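First the structure, in the form of C-alpha cells, and then the observations on it.
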Number of protein chains: 2
Amino acid sequence: MLTERQLLILKAIIDDYITHAEPVGSRSVSKREDIDYSPATIRNEMSDLEELGFLEKPHSSAGRIPSQKGYRYYVDHLLSPKELTSREISDIKSVFRERFSEIEEVIQQSAKILSNLTSYTSIVLGPEVFESTLKQIQIVPISQNSAVAIIVTDTGHVENQTVSLPNGLDVNELEKVVNILNDKLKGVPLVHLRNKLTSEIGRVLEKYIDQYDSVMTLLNQTFLSQQNEKVFFSGKTNILAQPEFNDVERVKRLFNIFEEDALISKLIRSEGKGMTIKIGQENRFEPFDDCTLITATYSVDGKHMGTFGILGPTRMEYPRVIGIMDYLSKDLSKLLTNRYQK
Amino acid sequence: MLTERQLLILKAIIDDYITHAEPVGSRSVSKREDIDYSPATIRNEMSDLEELGFLEKPHSSAGRIPSQKGYRYYVDHLLSPKELTSREISDIKSVFRERFSEIEEVIQQSAKILSNLTSYTSIVLGPEVFESTLKQIQIVPISQNSAVAIIVTDTGHVENQTVSLPNGLDVNELEKVVNILNDKLKGVPLVHLRNKLTSEIGRVLEKYIDQYDSVMTLLNQTFLSQQNEKVFFSGKTNILAQPEFNDVERVKRLFNIFEEDALISKLIRSEGKGMTIKIGQENRFEPFDDCTLITATYSVDGKHMGTFGILGPTRMEYPRVIGIMDYLSKDLSKLLTNRYQK
DNA sequence: ATTTAGCACTCGTTGATGAAGAGTGCTAAC
DNA sequence: GTTAGCACTCTTCATCAACGAGTGCTAAAT
C-alpha cells in the first residue's frame with residue numbers, strides 16, 4: 001500500500017496537473033505549502049510512484065503526469081466532491097425555473113447548463129421511452145393515402161409517425177379502430193404494444209372491422225416505432241479549449257464520433273443507477289482513450305428515465321464535476337417528478 | 001471587358017485552385033492542354049487579372065489565387081453546372097426509396113446525402129410550419145395538473161407541448177373545448193391561430209364553458225408555440241478535411257456557430273425561391289468570410305416549404321455542387337408533393 | 001505588336017546548429 | 001531517512017543558410 005506521504009504527493013501532482021495541464025516537476029511539488037520535503041525527496045517518491053504505475057513521464061527530462069491508474073486511484077480514494085458554489089446552485093435553479101413546453105426541452109436545458117458549468121462537453125440521452133406506458137393513440141388522416149399516427153405516453157412524451165393508409169379505407173372504420181386500440185391498450189408499456197397487437201387486439205379487430213388485413217398492416221407500421229433515444233449535446237466546442245485537443249486530426253476524429261448518435265447512446269447508457277466514471281481506456285473505445293466520461297442518471301418518481309454525461313479529458317476537474325453531476329441528477333429528478341408524477 | 005484569353009486563363013486558374021488548394025503559378029497554367037502560351041505570356045495576363053481584382057497573391061513569390069470577385073465572376077459567367085453521374089443519381093434515388101415515418105426524417109436524410117455527395121457540410125431547415133394549416137388539435141391530460149397539447153398540420157407535421165392544467169378543470173369541459181377548437185380552427189394557418197383565438201373563439205367559448213378564464217390561459221399557452229424552425233446538420237466534420245480549416249482556432253469558431261441554431265437559420269433562410277450563392281463576405285457574416293454558402297429551396301405542390309444549404313470553403317467545387325443542389329431540390333420537392341398533396 | 005526567353009529578385013520552407021532551461025537520477029554528505 | 005550538488009537528458013526556441021517556386025522586367029524573336 002501507499003504510504004501517507006506518497007498519497008500526499010500523488011494527490012498534489014494530480015491536482016496540479018489537472019489545473020495546469022503540464023507535467024509536474026519535483027520542485028513545484030516541494031514548494032506547496034502542505035508539503036515540507038526537498039525536491040530530492042519528492043523525486044525519490046515520484047520515482048517509486050512511477051514504478052507502481054501511478055505516474056508516468058512524457059520524456060526523461062520532463063516532470064511526471066498521472067497515468068490512467070493514477071487517476072483511477074485519485075477518483076476512488078483521494079478526492080472528495082467539491083461543494084457547489086452558491087453561484088453554481090443559483091445558475092441551475094434559474095434555468096429550471098423557466099417554463100418548459102416539453103420534457104425534451106428540460107433535458108436540453110440540463111445539457112446546456114451542465115456544459116456551461118463544467119466547460120466540458122455534455123451529452124444527455126432523452127427519456128427512455130420503452131418503460132413508459134400508452135396514454136392515448138390517435139390517427140389523423142392527412143391526405144388520400146397518408147395519415148399521422150400519434151402516441152402519447154404517461155410521461156407526456158409524444159411520438160408521431162406518418163403512415164400510408166390502405167386504399168379506400170373508410171374514415172369511420174379508422175375511428176372505430178382507434179377507439180378499440182385506446183380501449184384495449186391504455187396503460188400498456190410501449191415495448192409491449194406490438195405483442196399485444198398480434199396476440200389480443202388482432203382477434204377483437206377481426207370481429208368489428210371489414211378491412212382487417214390492411215388495417216393490421218397499418219398498425220404494424222405504426223408500432224414499428226423506432227425506439228432510438230435522442231441524444232442531445234451541449235458545449236461540443238468546450239472540449240476544444242483543452243490543450244489536449246490542439247490538433248485538428250484529433251478534433252476531426254472526436255467530432256465524427258459526435259455525429260454517430262447510436263454509438264454515443266450506447267457508450268453513455270449507464271448500466272445502473274448512480275454515477276459512473278470511466279477513465280481513458282476504461283471506456284473501451286479507442287477515440288476516448290484520453291477522455292473521461294462521467295455519467296449519472298435522472299428519474300421520475302424513482303423510476304429510471306435517462307442518462308446524462310460529461311465528456312472531458314482524463315485530466316478532468318473531478319471534484320467539481322462530480323459535485324455538479326450529483327447535484328444536477330437529484331435536482332433534475334425532483335423537477336421531473338414534480339411535473340409528471342401520477 | 002475581359003478578352004477571350006483572359007477568360008480562359010481565369011477559368012484555368014480557378015479550376016486548378018479549386019481542386020488543388022494551392023496558389024497557381026504561370027508555368028502550371030501554360031502546361032494545360034487547352035492553353036498554348038508560354039509562362040511569360042500567362043504571367044502578363046495574370047498580372048492584368050490581378051490588377052482588375054480577379055486574382056490575388058498570398059505573397060510576392062507565390063502563384064495566384066482567385067479573389068472573391070474572381071469566384072463571383074466564375075460562378076456568374078464561366079461555370080456550367082456539372083451533370084450528375086449516374087452513381088450520384090442512384091445514390092439519391094436509393095435514399096429516397098426508403099420508407100420514412102416523418103417528414104423530418106426525409107429532411108434529415110436529404111441533409112445526409114447532400115453532405116455525402118459534396119463532402120462539405122450541409123444544413124437543412126425543417127419545414128416552415130407557419131404556412132401550413134391546422135388539421136387537428138388534441139389535448140391529452142397526463143396528470144392532475146398537466147396535459148400535452150398536440151397540433152397536427154395539413155403537411156403531417158406534429159407539434160406538441162406540455163401545458164399545465166387549471167386546477168380542477170373538468171375532463172368533459174376540456175373535451176368540449178377541444179371540440180369547439182377543432183370545429184372552428186380547422187384549416188386556419190398556424191400563424192393566425194392566436195389571433196383567431198382572441199378574436200372569435202373567445203366569444204364562443206364564453207358561452208359554453210364555465211371556467212372561461214383559466215381555459216383561455218391554457219390555450220394561450222398552447223398557441224404560444226415556438227415558431228423556430230429546426231436546423232439539421234450533416235457532415236459537420238467534412239469541412240475539416242479542407243486545408244483551409246487546418247487550424248484549431250478556426251475550427252472552434254466555426255463549430256461554435258454551428259451550435260447557434262437561430263443564427264444559422266437566419267443565415268440560411270433564403271429570400272426567395274431558387275438557388276442562392278453567397279461567396280465569402282457576401283454572407284455578411286465575418287466567420288463565413290472565406291466560406292461559400294449555397295442554398296436552394298424545397299416545396300410541396302409548388303408551395304415553398306423550406307431551405308437547404310451547403311457550406312464549404314470559397315474554394316468550392318461549384319459546378320458539381322450546383323448540379324447536385326439543383327437536382328436534389330427538384331427531387332425532394334417531387335417526393336414531398338407526392339406524399340402530402342391534398 | 002505580340003510573344004517569349006532569360007535572369008535577377010523575393011519570399012516561404014526546410015533542416016541543421018546551438019544555447020537555454022527544466023527536470024531527472026545518482027552520489028555523497030548531513 | 002533526508003537533502004545538496006552535479007552531471008546528464010531532452011525539449012524548445014531562435015538563428016542561419018540553402019533551396020525552390022514563382023514573379024517581374026528587359027530584351028530578343030516572331
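Just so you know, these numbers use all the heavy atoms, side chains as well, and skip hydrogens, waters and symmetry mates. What you are looking at is a predicted structure, and each value in this text was computed from that prediction instead of being measured. A note on names: the letters A, B, ... follow the listed sequences, proteins ahead of strands, and every chain is numbered from 1.
Formation of a donor-acceptor pair under 3.5 Å by the Asn283(B) side chain with backbone atoms of Gly280(B) is found in this model.
The closest side-chain donor-acceptor pair between Thr292(B) and Tyr120(B), if any, does not fall under 3.5 angstrom.
Looking at residues two or more places apart in sequence or on another chain, you find a side-chain contact (heavy atoms from CB on, under 4.5 Å) between Asp15(B) and Lys11(B), Arg32(B), Tyr74(B). Applying the ring pair (Phe, Tyr, Trp, His ring centres under 6.0 Å) rule to Phe308(B) yields no partners; only residues at least two apart in sequence or on another chain are considered. By the salt bridge (Lys or Arg N to Asp or Glu O under 4.0 Å) test, Lys82(B) pairs with no residue at all, sequence neighbours left out. In this structure, Asp247(B) has no side chain to side chain donor-acceptor pair (under 3.5 Å) partners at least two apart in sequence or on a different chain. Qualifying side chain to side chain donor-acceptor pair (under 3.5 Å) partners for Glu244(B), counting only residues two or more places apart in sequence or in other chains: Arg315(B). The ring pair (Phe, Tyr, Trp, His ring centres under 6.0 Å) check on His77(A) picks up Tyr73(A), with sequence neighbours excluded.
One interatomic measurement links the two molecules: CD of Glu51(B) to C1' of dG24(D), which rounds to 13 Å at whole-angstrom precision. Between Ile65(A) atom CD1 and dG23(C) atom C1' the separation is 14 Å, expressed in whole Å. Rounded to whole angstrom, the span from the NZ atom of Lys57(B) across to the P atom of dC9(C) amounts to 17 Å. Between Arg64(A) atom CZ and dT9(D) atom P the separation is 17 Å, expressed in whole Å. The nearest whole Å value for the distance from the CD atom in Glu22(A) to the P atom in dT11(D) is 15 Å. Remark: C1' of dG23(C) and CE of Met46(A) are 9 Å apart, rounded to the nearest angstrom. With rounding to whole Å, Tyr17(B) atom OH is found 14 Å from dG22(D) atom P. In this structure, Asp48(B) places its CG atom 12 Å from P of dT3(C), rounding to the nearest Å.
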Exercise. I would like to know whether Arg43(B) and Ser47(B) meet side chain to side chain donor-acceptor pair (under 3.5 Å); could you show each step before the answer?
Key: CA-CA 6 Å; Arg43(B) 275 205 291 281; Ser47(B) 185; over 6 Å; no
_Would Arg284(B) and Lys278(B) count as a side chain to side chain contact (heavy atoms under 4.5 Å, CB included) here? Give the steps._
CA-CA 9 Å; Arg284(B) 306 197 156 281; Lys278(B) 297 217 163 150; over 6 Å; no
Contacts under 3.5 angstrom, residues 254-263 of chain A side chains, donor-acceptor by atom type, not counting sequence neighbours:
from: Asn256(A); atom 1: OD1; to: Thr237(B); atom 2: OG1; distance (Å): 2.5
from: Asn256(A); atom 1: ND2; to: Lys252(A); atom 2: O; distance (Å): 3.3
from: Glu259(A); atom 1: OE1; to: Gly235(B); atom 2: N; distance (Å): 3.4
from: Glu259(A); atom 1: OE2; to: Lys236(B); atom 2: N; distance (Å): 2.8

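The list of salt bridge (charged side-chain N to carboxylate O under 4.0 Å, His left out) pairs with a residue in residues 54-75 of chain B, not counting sequence neighbours, reads Glu50(B)-Arg64(B), Arg72(B)-Asp76(B), Arg72(B)-Glu282(B).
Of the residues in residues 26-35 of chain B, not one places a heavy atom less than 4.0 Å from an atom of DNA chain C.
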Per-nt protein contacts along nucleotides 10-20 of chain C (heavy atom under 4.0 Å; B base, S backbone sugar-phosphate only, - none) come out as BBS--------
Under a 4.0 Å heavy-atom criterion, the protein footprint on nucleotides 1-8 of chain D, written with B, S and -, is -SBBB---
Dump every N/O contact between nucleotides 15-17 of chain D and the protein below 3.5 Å, one line per pair.
none

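Shown are Glu4(A), Gln6(A), Arg5(A); of these, the side chain to side chain contact (heavy atoms under 4.5 Å, CB included) with Leu2(A) is made only by Gln6(A).
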